[in-house]
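Computation of the quantities below employed the complete heavy-atom set of this structure, encompassing side-chain atoms and omitting hydrogens, waters and symmetry-equivalent molecules. Both ligands and their constituent atoms are indexed starting at 1 by order of listing.
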Amino acid sequence: MQLHIILNEYAGSGRGLKRWRSWQSILEIPYMLHTTEYRGHGFQIAKQIAQEAEQQKRPTCIVIIGGDGTIHEVINGVLHCGWVTIGVMAGGSGNDYARTYDTFGSVEELLHFIQQPARKQQDCGMVTLQESHAFMNNCGIGFDAAVAKVANDSALKRALGKLGFGKLSYVYYLIKQLFIFKPFELTITNDEEQHTFQNVWFATVCNQPYFGGGMKLSPFSKTDDQMLEVIVVHNISAIKLLFLFMTIFSGTHIRFKAVTQLKGEKFLITHNATLYCHADGEILTEPNEKLYFSVNSLSWYATKK
Ligand SMILES: Nc1ncnc2c1ncn2[C@@H]1O[C@H](COP(=O)(O)OP(=O)(O)OP(=O)(O)O)[C@@H](O)[C@H]1O
């Protein structure tokens with residue numbers, strides 16, 4: 001099995017690079033190292049590796065050292081390539097992928113996989129705006145995407161990240177957005193049924209339970225059931241929303257009236273507001289008044305311990 005490593009040195013404010021350095025000296029098998037040089041580079045590298053694996057019919061493992069954004073890019077590059085298996089060594093800030101999917105915690109675990117490869121076929125969600133994007137964790141519009149957008153663009157996140165407190169910037173921007181964000185009206189069409197919600201803070205479509213660095217937003221989501229769940233948070237004051245966020249860590253928020261959960265293979269979400277949209281925490285820049293969601297069943301392979 002050919003081994004490629006895709007490293008985002010900047011993930012987790014340098015955590016990815018630190019972990020790779022501790023591995024590098026003891027990884028005594030052949031591998032090819034690719035370092036991402038810009039946003040979107042992970043997709044390009046992975047696509048190239050998948051094309052070569054396909055042409056040469058060669059079993060290939062790509063180990064990603066990075067966070068959810070890098071994983072998102074790489075898996076989008078290898079969808080439907082049966083020759084590639086994705087392994088991850090979590091090196092990001094939020095690491096929601098690593099909370100559900102198997103990851104490598106040591107070089108020994110990676111070597112064991114190379115000797116006896118075991119893998120599992122996984123679903124991903126698809127969101128179509130002008131283009132289609134796959135997401136492994138979740139894709140959402142509204143308040144959470146607005147927080148991600150301002151935090152990711154901020155100098156504060158970079159400064160706190162260097163000190164190891166990157167997550168604090170999200171808390172700061174979350175509280176700030178509570179006073180700025182304007183709830184909106186949203187319609188979800190699912191299996192011929194139409195649901196309209198007023199005063200929506202956010203709507204997130206989930207392929208796995210975790211979101212925002214460990215919040216159990218969609219406790220019943222599974223990555224191999226060919227289904228997606230959408231969580232809508234609506235009709236709640238800003239202060240109560242702050243308390244609701246605290247209950248999301250344990251997954252108990254779904255008991256509240258302000259939280260609606262729908263399950264299906266397909267959803268159409270429409271709105272007329274000006275909103276940000278994210279997929280696995282990466283901001284999508286296309287217009288998003290109409291979002292088509294579907295599940296792309298068993299479309300990629302993850303390593304299995
Ligand atoms: N050399 C680079 N310079 C700038 N940005 C990069 C570079 N390489 C990758 N990126 C971008 O960095 C962003 C963040 O990466 P990633 O999500 O892996 O880390 P994180 O945000 O720390 O982790 P998490 O998403 O788990 O919180 C991604 O959008 C990725 O495209």
Side-chain angles (χ1 to χ4, degrees), residues 4-21 33-49 62-78 86-105 124-125 131 133-140 144-145 147-174 204 206-217 248-249 276-286 302:
H4 291 264
I5 292 172
I6 299 184
L7 166 69
N8 177 354
E9 295 184 343
Y10 298 94
S13 305
R15 191 178 303 152
L17 181 60
K18 234 190 239 166
R19 294 204 80 185
W20 167 240
R21 282 189 177 142
L33 175 67
H34 313 262
T35 303
T36 57
E37 286 168 11
Y38 51 86
R39 195 172 277 266
H41 195 194
F43 172 80
Q44 303 295 346
I45 298 169
K47 201 170 168 192
Q48 177 80 30
I49 295 171
I62 300 181
V63 173
I64 303 160
I65 304 180
D68 293 319
T70 311
I71 298 167
H72 170 90
E73 290 183 5
V74 172
I75 296 178
N76 269 279
V78 306
I86 297 295
V88 166
M89 188 188 201
S93 325
N95 295 323
D96 284 325
Y97 176 100
R99 295 170 206 274
T100 296
Y101 300 92
D102 281 348
T103 57
F104 296 124
C124 65
E131 291 174 21
H133 309 265
F135 58 93
M136 277 36 75
N137 301 339
N138 43 61
C139 174
D144 57 325
V147 174
K149 168 74 181 156
V150 288
N152 287 345
D153 290 351
S154 74
L156 182 68
K157 185 188 172 196
R158 283 190 290 279
L160 287 174
K162 281 184 192 146
L163 301 171
F165 299 111
K167 268 191 182 175
L168 271 185
S169 66
Y170 282 100
V171 177
Y172 170 75
Y173 287 110
L174 187 142
T204 302
C206 305
N207 186 42
Q208 65 113 318
Y210 292 98
F211 150 99
M215 288 189 255
K216 212 169 184 179
L217 181 67
I248 300 181
F249 282 98
Y276 286 113
C277 172
H278 76 88
D280 294 335
E282 299 295 292
I283 297 296
L284 304 179
T285 52
E286 299 141 62

In ligand 1, which numbered atoms sit nearer than 4.0 Å to a non-hydrogen atom of Thr70?
15 (O), 16 (P), 17 (O), 18 (O)
Using non-hydrogen atoms of the residue, decide whether Gly40 is closer than 4.0 angstrom to ligand 1.
yes
For atom 23 (O) of ligand 1, what's the nearest protein heavy-atom neighbour? Residue, atom name and distance, please.
Ser93 N, 3.1 Å
With respect to Gly92, determine whether any N or O atom, backbone or side chain, lies less than 3.5 Å from an N or O atom of ligand 1.
no
Atom of Gln208, atom of Thr100 and distance for their closest heavy-atom approach:
OE1-OG1, 2.7 Å
Would Ser13 count as being in polar contact with ligand 1, using the rule that some N or O on each side must be under 3.5 angstrom apart?
no
Does Asp68 reach the main-chain N or O of Tyr97 with its side chain, forming a donor-acceptor pair under 3.5 Å?
yes
If the cut-off is 4.0 Å to any non-hydrogen atom of Gly94, which atoms of ligand 1 fall inside it?
24 (P), 26 (O), 27 (O)
What one should report as the nearest heavy-atom pair of Asp96 and Gly213 is OD2-N, 2.9 Å
Just by distance, do the side chain of Arg15 and the backbone of Gly92 share a donor-acceptor pair under 3.5 Å?
yes
Numbered atoms of ligand 1 (with element) below 4.0 Å of Tyr10, judged on heavy atoms:
1 (N), 2 (C), 3 (N)
State whether the shortest distance between N or O atoms of Ala11 and N or O atoms of ligand 1 falls below 3.5 angstrom.
no
Is atom 4 (C) of ligand 1 touching the protein, meaning some protein heavy atom lies under 4.0 Å away?
no
Backbone N/O of Met136 and side chain of Asn207: donor-acceptor pair under 3.5 Å:
yes
So for ligand 1, is Gly66 a polar contact partner (N or O within less than 3.5 Å, distance only)?
no
When you compare ligand 1 with Thr36, is there at least one nitrogen or oxygen pair between them that comes in under 3.5 angstrom?
yes
Using a strict cut-off of 4.0 Å, indicate which atoms of ligand 1 neighbour a heavy atom of Glu73.
30 (C), 31 (O)
Pair Glu286-His133, side-chain donor/acceptor within less than 3.5 Å:
yes
Looking only at heavy atoms, what is the nearest atom pair of Tyr101 and Asn137, with distance?
CE1-OD1, 4.1 Å
Of all protein heavy atoms, the one nearest atom 29 (O) of ligand 1 is Glu282 OE1, 2.5 Å
